[in-house]
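Below is one structure, written out as structure tokens; the observations come after it.
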4 protein chains.
Amino acid sequence: MVDGKEMPPIGQRTSRKQRPKPRTKPSEVRRSELLDAAARLFIAQGVEETTVEEITLAAGVAKGTFYLYFASKPEIVIALRERFIEGFRARIRTALDSCGQEDWPERLNAWVASAVGAYLDGYELHDVVFHDYRPHFRQMKGENIVVTDLAMMLTAGARAAAWKLDDPRLTAIVLFQGLHGAVDDAIANDEKDGDRLSAHLSELFLRMLGTNRQAG
Amino acid sequence: MVDGKEMPPIGQRTSRKQRPKPRTKPSEVRRSELLDAAARLFIAQGVEETTVEEITLAAGVAKGTFYLYFASKPEIVIALRERFIEGFRARIRTALDSCGQEDWPERLNAWVASAVGAYLDGYELHDVVFHDYRPHFRQMKGENIVVTDLAMMLTAGARAAAWKLDDPRLTAIVLFQGLHGAVDDAIANDEKDGDRLSAHLSELFLRMLGTNRQAG
Amino acid sequence: MVDGKEMPPIGQRTSRKQRPKPRTKPSEVRRSELLDAAARLFIAQGVEETTVEEITLAAGVAKGTFYLYFASKPEIVIALRERFIEGFRARIRTALDSCGQEDWPERLNAWVASAVGAYLDGYELHDVVFHDYRPHFRQMKGENIVVTDLAMMLTAGARAAAWKLDDPRLTAIVLFQGLHGAVDDAIANDEKDGDRLSAHLSELFLRMLGTNRQAG
Amino acid sequence: MVDGKEMPPIGQRTSRKQRPKPRTKPSEVRRSELLDAAARLFIAQGVEETTVEEITLAAGVAKGTFYLYFASKPEIVIALRERFIEGFRARIRTALDSCGQEDWPERLNAWVASAVGAYLDGYELHDVVFHDYRPHFRQMKGENIVVTDLAMMLTAGARAAAWKLDDPRLTAIVLFQGLHGAVDDAIANDEKDGDRLSAHLSELFLRMLGTNRQAG
DNA sequence: AATGAATGAGAATTCATTCAT
DNA sequence: CATGAATGAATTCTCATTCAT
């Protein structure tokens with residue numbers, strides 16, 4: 001997920017032949033199995049309530065092996081967070097890729113629908129991996145990559161005169177957090193119909209953008 | 001520790017029934033001192049990192065006394081949360097009370113400005129008291145009272161034809177969470193100028209509502 | 001042992017009556033029971049091999065109670081060391097007190113005999129409490145109080161012309177460490193006859209001091 | 001890690017029987033490199049604090065290689081101890097070899113001076129390798145070879161009527177441990193002038209032996 | 001001979017909570 | 001009301017050692 005696809009285990013020198021023959025398991029497979037086991041347990045029981053030993057048991061390795069792949073328990077939460085974010089972005093990217101490049105309202109609809117869908121599907125893991133995430137401790141603009149992605153799209157749409165836009169980042173934040181809150185509410189109220197919610201949100205957002213429907 | 005100085009006359013101890021005379025300290029005061037001490041320590045060190053003993057030390061009482069006022073440590077976090085929410089609502093209410101009853105755009109501006117101000121002032125405590133708050137575990141609609149308040153205001157404005165409104169709750173959520181996220185971002189970027197932010201947000205929100213400025 | 005005899009528990013304010021009525025056990029009794037239990041177990045199994053839980057079990061308290069009296073496991077070793085040293089010195093002091101004040105050879109004999117006796121009796125505990133003691137990390141002259149005591153005695157004897165003495169501290173060190181090594185050797189060879197050893201050592205030492213037997 | 005440069009010609013790998021040709025490194029060299037690395041790390045960080053992996057890293061071999069040369073971690077401490085003792089004895093032997101064979105006071109002076117010098121130079125390693133050494137667990141007389149060497153020298157001197165001697169071993173122990181303690185004290189007080197100390201000790205020891213200066 | 005991934009036992013310490021006084 | 005001594009559950013992480021390659 002994070003460290004490429006077919007890379008040899010970390011710390012392995014580029015040995016004499018090709019890839020160093022996998023020991024018991026190739027490093028990323030092991031790592032991935034640990035991440036999967038952790039995600040499952042964290043969702044089911046919570047992070048605090050899950051011991052490292054439970055994770056390794058579920059992954060079929062010894063306790064010490066955990067620490068060959070992650071420096072500490074918090075570290076695996078961070079790794080899961082990165083995996084989550086990448087999955088989230090990929091889903092949005094895929095949705096946008098099947099839109100007309102210049103149909104900006106459609107692109108916004110696609111963004112909303114895919115984000116709602118991704119969040120509805122993954123909110124349990126989301127809660128786990130973002131529980132300890134402190135936005136205020138993050139200094140740099142653009143820390144939230146999803147917001148940054150969106151701001152870029154909004155800017156592109158504005159450049160194409162699809163809508164007006166004073167402050168792309170602020171607008172992107174309002175869209176993202178608004179959507180986030182709306183989905184949270186839907187989940188809390190057990191309304192898992194993402195399509196209806198997406199439609200409503202899109203309309204709201206397009207209106208906020210003062211969308212020029214002729215421009216698309 | 002060095003108490004005993006502000007105790008009521010010894011003679012009064014015998015009268016059980018009279019008025020609920022103050023003890024060493026009136027119960028409300030003690031409770032409040034504990035809440036204050038806890039808030040201070042939680043902000044400075046975090047909740048987990050603060051022990052009940054530290055709280056009682058800071059409040060000048062013995063460890064056991066804590067449990068006369070709060071059933072458990074998590075309980076005092078909940079109490080702080082409630083205090084925080086009430087302060088937040090009060091600040092918004094005050095702001096709205098100095099607006100024209102029927103000037104809806106002004107009312108929305110006032111809501112935005114006061115919410116931004118309250119959050120900027122209290123975000124440290126906010127982070128503490130909401131860290132363990134899980135929206136998805138809350139079942140009931142309207143759990144977030146601030147959102148509910150706002151939805152009611154939006155509905156009233158719509159009834160007065162100040163703006164259009166399809167889904168008051170959804171709109172309220174987007175406004176609230178959007179504002180929330182925008183302030184988080186401002187804090188993270190160390191831009192504590194609430195006025196500029198409020199102005200931007202208000203404009204965005206009024207546009208989203210399709211505000212009819214004639215209607216105000 | 002260390003904190004006086006009848007003092008109230010640490011942290012206890014000098015309460016309204018006399019001594020604060022002992023809770024379950026007076027503080028020094030508890031402390032002493034923990035020290036005794038630890039000494040027994042450390043001798044039998046070694047320090048590393050003894051868990052804090054074993055100590056508390058043997059002392060009849062809960063695990064946490066240990067940390068009410070000692071900051072850490074190494075800390076109780078230090079406390080035992082202090083207790084050991086005090087016992088050692090007391091034994092020597094008692095022996096010297098029953099000597100003629102001015103009979104210096106007799107005083108030296110008494111010092112040797114009591115030190116040999118104390119060490120033979122307590123070498124097991126000695127090994128435990130001095131295992132981690134690093135002489136080189138100690139800066140100040142006179143860190144070893146037993147050596148310092150002895151140097152003072154040697155100086156007094158020299159002043160009375162009982163013997164010659166160039167360097168009291170150096171001489172004291174040689175006597176103390178020489179005796180120490182001699183007893184170690186006796187123990188290793190299972191020769192526990194302290195009297196014979198003492199006699200030999202005394203003779204050696206008196207000769208080293210160039211003792212003037214007329215002076216006594 | 002970046003090995004392979006000093007390997008023997010590949011062709012030789014096939015010859016199994018020939019002479020025990022050097023492998024990557026001759027076994028003695030490897031062993032010595034491991035000992036050196038361990039000594040350096042043990043002195044700098046302590047034995048407990050040094051991991052086997054750190055030793056192998058410092059020696060430029062893989063973790064498993066350690067166990068081809070030493071059965072366990074404690075074992076390498078023992079090996080270092082033996083190396084230390086041999087160096088110590090060699091230094092003394094060299095010093096004695098440049099003395100008149102029959103000048104016994106000079107020989108004693110030489111013994112003291114070389115022992116003081118060797119200990120001052122090597123006390124850091126000494127502390128490491130003797131930390132876990134328990135004299136009382138050693139059964140056999142003469143376990144401490146340096147003491148035994150000394151006792152033999154003292155006996156020879158006595159036979160030559162250079163001094164009187166009742167109990168050679170006891171005397172040797174007192175000299176050795178006395179010197180040991182004196183150097184410890186000098187180190188603790190940061191007085192690294194071995195010559196002055198040696199002179200004082202020699203005088204003390206010669207007096208203890210009742211040296212007959214005519215006899216030398 | 002050399003490697004290094006995998007193993008898994010093992011214990012100190014914290015701190016929320018109780019309850020006898 | 002107030003106190004504070006006593007309780008004891010609960011879990012991370014290290015690292016010596018092994019062994020398949």
Side-chain angles (χ1 to χ4, degrees), chain A residues 9 11-13 15 20-27 30 48-54 56 61-74, chain B residues 1 3-4 7 13 22-25 27 30 48-56 61-74, chain C residues 9 11-13 15 20-27 30 48-54 56 61-74, chain D residues 1 3 7-8 13 22-25 27 30 48-56 61-74:
Chain A
Q12 206 87 23
R13 67 197 136 112
S15 69
K21 256 176 262 125
R23 314 265 153 189
T24 307
K25 285 275 182 75
S27 161
R30 267 285 138 81
E48 292 296 308
E49 293 70 21
T50 301
T51 68
V52 169
E53 188 159 27
E54 285 175 307
T56 55
V61 294
K63 207 186 324 184
T65 302
F66 179 92
Y67 293 91
L68 255 26
Y69 292 90
F70 304 98
S72 67
K73 194 179 162 191
Chain B
M1 283 291 126
D3 52 14
M7 286 178 62
R13 288 193 101 214
R23 304 100 190 152
T24 309
K25 286 276 183 69
S27 150
R30 269 282 139 83
E48 291 295 308
E49 293 71 21
T50 300
T51 68
V52 169
E53 187 160 30
E54 283 176 307
I55 297 170
T56 55
V61 295
K63 204 178 342 179
T65 303
F66 180 93
Y67 291 90
L68 298 174
Y69 292 91
F70 303 97
S72 69
K73 194 180 166 192
Chain C
Q12 206 85 25
R13 65 196 138 116
S15 70
K21 255 175 263 128
R23 316 264 153 190
T24 307
K25 286 274 182 73
S27 161
R30 268 285 138 80
E48 292 295 309
E49 292 71 21
T50 301
T51 68
V52 169
E53 188 160 29
E54 284 175 307
T56 56
V61 295
K63 206 180 332 181
T65 302
F66 179 92
Y67 292 90
L68 256 25
Y69 293 90
F70 304 98
S72 66
K73 195 180 163 192
Chain D
M1 284 296 123
D3 53 16
M7 287 178 63
R13 290 192 98 214
R23 303 102 191 150
T24 307
K25 287 274 182 72
S27 151
R30 267 284 140 83
E48 291 295 309
E49 293 72 20
T50 300
T51 68
V52 169
E53 186 160 30
E54 284 176 307
I55 298 171
T56 55
V61 294
K63 206 184 331 185
T65 303
F66 180 91
Y67 291 91
L68 298 175
Y69 292 91
F70 304 98
S72 68
K73 194 181 167 192

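Chain A is the first sequence line, chain B the second, and so forth, proteins listed ahead of strands; every chain is numbered from 1. Everything numeric here is computed off the predicted structure, so don't read it as measured data.
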DNA chain E: stems of at least 3 consecutive Watson-Crick or G-U pairs whose donor-acceptor distances fall under 3.5 Å: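 DNA chain E forms these stems: E:2-21 with F:2-21.
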
Check the distance between [N]'s [atom2] and [X]'s [atom1] and give it to me in whole angstrom.
X       : N      : atom1 : atom2 : value
B:Glu54 : E:dT14 : CD    : C1'   : 12 Å
C:Glu53 : F:dA10 : CD    : P     : 13 Å
A:Tyr67 : E:dG4  : OH    : P     : 24 Å
C:Phe66 : E:dA11 : CZ    : C1'   : 13 Å
A:Leu68 : F:dC15 : CG    : P     : 14 Å
B:Glu48 : F:dT11 : CD    : C1'   : 14 Å
A:Lys25 : F:dT21 : NZ    : P     : 15 Å

Atom pair OH (B:Tyr67) and OG1 (B:Thr56), whose distance is rounded to the nearest 0.5 Å: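 So the OH of B:Tyr67 and the OG1 of B:Thr56 are separated by 9.5 Å.
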
Drop me the distance from B:Thr51's OG1 to B:Phe66's CZ, to the nearest 0.5 angstrom.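 Rounded to the nearest 0.5 Å, the OG1-CZ separation comes out at 10.0 Å.
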
Sequence neighbours excluded, which residues qualify as side chain to side chain donor-acceptor pair (under 3.5 Å) partners of D:Thr65?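 Scan of D:Thr65 (side chain to side chain donor-acceptor pair (under 3.5 Å), adjacent residues dropped) gives none.
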
Quick check on E:dA6: is either OP1 or OP2 less than 4.0 Å from any side-chain nitrogen or oxygen of A:Arg30?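 For E:dA6, OP1 or OP2 has a side-chain N or O of A:Arg30 closer than 4.0 Å.
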
Would you say C:Lys73's side chain and C:Thr50's backbone share a donor-acceptor pair under 3.5 angstrom?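 Checked: pair present.
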
On DNA chain F, nearest-nucleotide positions of A:Glu49 versus B:Lys63: which is more 5'?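 Its nucleotide being nearer the 5' end, the pick is B:Lys63.
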
Tell me what [X] touches on the nucleic acid: a base, only sugar-phosphate, or nothing, going by heavy atoms under 4.0 Å.
X       : value
B:Thr65 : base
D:Thr56 : nothing
A:Tyr69 : sugar-phosphate

Could you check which of F:dT3, E:dA12, F:dT12 has an atom nearest any side-chain atom of C:Thr51?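 The nucleotide sitting nearest to the side chain is E:dA12.
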
CD (A:Glu49) with more than 12 external heavy atoms under 6.0 Å: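 Atom CD in A:Glu49 is crowded, with more than 12 foreign heavy atoms closer than 6.0 Å.
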
Of B:Ala71 and D:Gly64, whose closest DNA chain E nucleotide lies nearer the 5' terminus?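 This one resolves to D:Gly64.
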
